[in-house]
2 protein chains.
Amino acid sequence: MATKVTITDVARRAGVSRQTVSNVLNSPELVREETRDRVREAIGTLGYRASQAARQMRTGRSRLIATRIEPDRDGINGSVLDRFLHGLTASAARAGYRILLYAAGDERSEIDTFDDLVGSHEPDAFVLTSTYHGDGRPAWLRERRLPFVTFGRPWGDTGEPDASGDPGHPWVDVDGAAGTAAATRHLLDAGHRRIGFLGWPPGSGVGDDRRSGWARTLTGAGIDPAGLDQATDDGVADGEKAARDLLRAERPITALVCASDSLALGALHAVRSLTASGQLTASGRLTAEGRLTVGGQAGGEEGLPVRVIGFDDTPVAKAVGLSSVSQPLAEAAAGCVGLLTRLFDPPSPGGPGESGGPGGPGGPGGPFASEAGGPRTHVLLQPSLVLRQSS
Amino acid sequence: MATKVTITDVARRAGVSRQTVSNVLNSPELVREETRDRVREAIGTLGYRASQAARQMRTGRSRLIATRIEPDRDGINGSVLDRFLHGLTASAARAGYRILLYAAGDERSEIDTFDDLVGSHEPDAFVLTSTYHGDGRPAWLRERRLPFVTFGRPWGDTGEPDASGDPGHPWVDVDGAAGTAAATRHLLDAGHRRIGFLGWPPGSGVGDDRRSGWARTLTGAGIDPAGLDQATDDGVADGEKAARDLLRAERPITALVCASDSLALGALHAVRSLTASGQLTASGRLTAEGRLTVGGQAGGEEGLPVRVIGFDDTPVAKAVGLSSVSQPLAEAAAGCVGLLTRLFDPPSPGGPGESGGPGGPGGPGGPFASEAGGPRTHVLLQPSLVLRQSS
DNA sequence: CTGTTAGCGCCTTCAG
DNA sequence: CTGAAGGCGCTAACAG
């Protein structure tokens, strides 16, 4: 049973003082190479590891990043945050940090947990997920000058990023609008014109963002999106119901972009069941093969199979052959860790641009001065479209 | 900006020595009530929190429990471990512990991580998930007398718990066989006789366990399970294929118990597509309503709709109306934390029985002596059957 | 019951 | 470049 090996043991073994060992660890350039190697060898053979607790007492840094684990959401989309969390754990480890988990039901209890954690385990930073309108967490953390990043833009009251005078904080996000735009474009390219959108009620930043990409693309192609979308709560049953309405509307859709895989799965059900029962709509007809024939409509969309595209590329999408917009979650996690470490160890000033990141250009980079002294950096990542049988 | 408040500040505020404050925190019974209240009030108004780092240096305990976050598995079952992890985080917090996360690809890297963690953040314990045949992690930890619990029985080489002389360690598990048995019984009660099983290739402890509950129940009802099951890799497509075989076999099944929701989802697809196309089998016929009419077979099963039951009660099961066996994951997590804290703070000896737990009787409680001195305790939880449209 | 003493392992001065 | 002090905040032993 190897009793705890300390820095003193290493020093003795290497024939140097404890400080030299410490220097080898923290400022190697101060130590002569020969000595350094000797110390490192001693560290290796003894299996020495610096005690975090002792180090933290001295430096005030815990090398811990705290984040919340969310309870299983109703839907199918829960896996998104899990994948993010896995990426975060891996990225953090690479940067020498560990993830500390906490659970919290609502904002109040989450902030209480912040308070608790800050006093006890003293994480070096927080990563916030699932940001929302009027999110009180960033303000609380900023007031106390606690480093943090959000995965998700700060959604202002208008649904636009930074629209409400938010002084800003580092964030990473995925460009949802670009994702739905790509999906819509793909369907346009396949000859579809009446491309619907199945989303959530207005007011959720993420949902509005995703809808906007669809609407923008349709408009750009000279198609009026009015009447082609439905808003509903997230869920398979809700999605199925809303999709039915769209498929049997006066101007029936022939393809559908959805704000989530749950909705898309519901839509798929709707398509299949309408297909199976050979139902008619006011101006369209679903054939046995899932092809929708739109009577008397102009354009080349006659006989095209009804297409559905989801969002998040969850395991279910893969399982049922649903095309979906995929978020680069590992990259997002890496981005969070990157922004955080940049806060801790500021890069040499005057370096390369500090906005933007891999996979896409940065955001607008507004001129807000950061009174907290932290650089207002952010990373906006581009999603990708994963095509399967459903489109 | 509230600068770090220390135990000295509290002592001064309360007019006592630092030691007294410490006593109020750790051994309140040693302090006169009046003093205690005064100190507590000072703690409250000052917002004092004991520094974990300092405490850890003194006590050697970090109040951290390390566990692994698994990468997204292929399937749909990933959510199981996430729900467990959430429960673990919540239970640990209630007991005054936090969860420290790590990621690891294989056993080798996981053990390297153990080593790293033990030397740096020094978690008080580990929780191991996804145990498997020949799992090398428990032995590694036990050799070093590091406290740990596994979620999952130690599967011996024969597939039976503790069959290979494993000296034992604390574990929590869910009785999978009881779950499939309940599912099978439910189908028997509904009049089914040819109840199939869709599982994984033999050799996986969990899979064999689940199959055994089905086989046992069928045998108990006087039905020979031979030829009524299929083994395949986990996955919707694999499940669909295997289910087709079963539905069109010489002795076609009329109901199906599955080892996972992925397989069950595939089976559901198979049932629906066979139903839709009105396919015939050697001795059965699927009607349009998904009813299987078995020609010339004895028993009351004619005209019964084909039933499918999954395992794990994942969000997808809920979404598509699939009946499924549900594991009590929050309880399992609580059980892990309970076993761990029992290790740290042993209950008064001669207390109540130390085996078994809520929801079910304990395991066999073999007579192995534990050379490490730790009590070999375990908790076997009972799953429940969640019925939906599919059964 | 309360106060004093000592030191956990490390890193940051400051001298050599 | 290397060695000698000092102390981060806390608690386990003792002394009063």
Side-chain angles (χ1 to χ4, degrees), chain A residues 2-40 42-43 46-64 96 117-122 124 344-345, chain B residues 2-40 42-43 46-64 96 117-122 124 344-345:
Chain A
T3 175
K4 183 81 190 157
V5 30
T6 111
I7 203 172
T8 310
D9 301 324
V10 177
R12 198 161 32 220
R13 184 77 149 70
V16 297
S17 76
R18 299 183 310 173
Q19 282 54 40
T20 304
V21 179
S22 177
N23 282 337
V24 170
L25 262 37
N26 305 293
S27 316
E29 69 281 4
L30 296 183
V31 184
R32 198 195 328 161
E33 185 176 335
E34 190 249 3
T35 315
R36 203 171 16 182
D37 290 345
R38 200 149 35 98
V39 170
R40 283 193 172 135
I43 288 177
L46 260 34
Y48 166 81
R49 304 267 159 191
S51 155
Q52 261 316 305
R55 175 174 281 184
Q56 181 180 348
M57 281 199 68
R58 204 66 189 89
T59 65
R61 296 184 47 186
S62 61
R63 306 205 74 87
L64 251 28
L117 246 24
V118 165
S120 56
H121 289 280
E122 304 175 63
D124 292 338
F344 302 148
D345 318 295
Chain B
T3 175
K4 184 80 189 159
V5 30
T6 105
I7 204 172
T8 310
D9 301 324
V10 176
R12 197 161 33 217
R13 184 78 149 71
V16 297
S17 77
R18 297 184 314 174
Q19 187 49 36
T20 303
V21 179
S22 176
N23 282 338
V24 170
L25 261 37
N26 304 293
S27 314
E29 70 281 4
L30 296 183
V31 183
R32 197 194 331 162
E33 184 175 336
E34 190 248 2
T35 315
R36 203 172 13 182
D37 289 347
R38 201 150 33 100
V39 169
R40 282 191 173 137
I43 287 177
L46 259 35
Y48 166 80
R49 304 267 158 191
S51 155
Q52 262 315 306
R55 176 173 280 183
Q56 181 180 347
M57 280 200 67
R58 205 65 190 90
T59 64
R61 296 183 46 186
S62 61
R63 304 205 75 86
L64 251 27
L117 246 23
V118 165
S120 56
H121 288 280
E122 305 175 62
D124 292 337
F344 301 148
D345 318 295

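Throughout, protein chains are lettered first and strands after them, A, B, ... in sequence-line order, and every chain is numbered starting at 1. Values below: all heavy atoms of this structure, side chains included; hydrogens, waters and symmetry mates excluded.
- Among the nucleotides dT11(D), dG3(C), dC10(C), the one closest to any side-chain atom of Thr6(A) is dC10(C).
- In DNA chain D, stems built from 3 or more consecutive Watson-Crick or G-U wobble pairs, each with both distances under 3.5 Å, span C:1-16 with D:1-16.
- Side-chain N/O atoms of Arg55(A) include one lying less than 4.0 angstrom from OP1 or OP2 on dC11(C).
- For the pair Arg40(B) and Pro28(B), the tightest heavy-atom approach, listed with the atom from each and the gap, is NH2-CB, 3.9 Å.
- Backbone-only engagement by Ala50(B) is indicated by non-hydrogen atom pairs under 4.0 Å involving sugar-phosphate atoms exclusively.
- When rounded to the nearest whole Å, the span between NE2 of His121(B) and C1' of dG9(C) equals 15 Å.
- When rounded to the nearest whole Å, the span between CD of Gln52(B) and P of dG9(D) equals 15 Å.
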Please list each protein N or O that sits under 3.5 Å from an N or O in nucleotides 12-16 of chain C, with the distance.
| unit_1 | atom_1 | unit_2 | atom_2 | d |
| --- | --- | --- | --- | --- |
| dT12(C) | O4' | Arg58(A) | NH2 | 3.4 |

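- For Val31(B), taking side-chain heavy atoms from C-beta onward, the closest of the listed nucleotides dT2(C), dC10(C), dT2(D) is dT2(C).
- Atoms CZ (Arg18(A)) and P (dC1(D)) sit 22 Å apart, rounded to a whole Å.
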side-chain contact (heavy atoms from CB on, under 4.5 Å) evaluation trace for Thr20(B) with Thr35(B): CA-CA 9 Å; Thr20(B) 303; Thr35(B) 315; 4.0 Å; yes
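- Contacts of Ser17(A) with the nucleic acid, taken as non-hydrogen atoms under 4.0 Å apart, include base atoms.
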Intermediate values then yes/no, side-chain contact (heavy atoms from CB on, under 4.5 Å), Arg36(B) and Asn23(B): CA-CA 9 Å; Arg36(B) 203 172 13 182; Asn23(B) 282 338; over 6 Å; no
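- Partners of Arg32(B) according to the salt bridge (charged side-chain N to carboxylate O under 4.0 Å, His left out) rule, which considers only residues two or more places apart in sequence or in another chain, are Glu34(B).
- Candidate nucleotides dT11(D), dC10(C), dT2(D) were compared by shortest atom distance to the side chain of Thr20(A), and dT2(D) ranks first.
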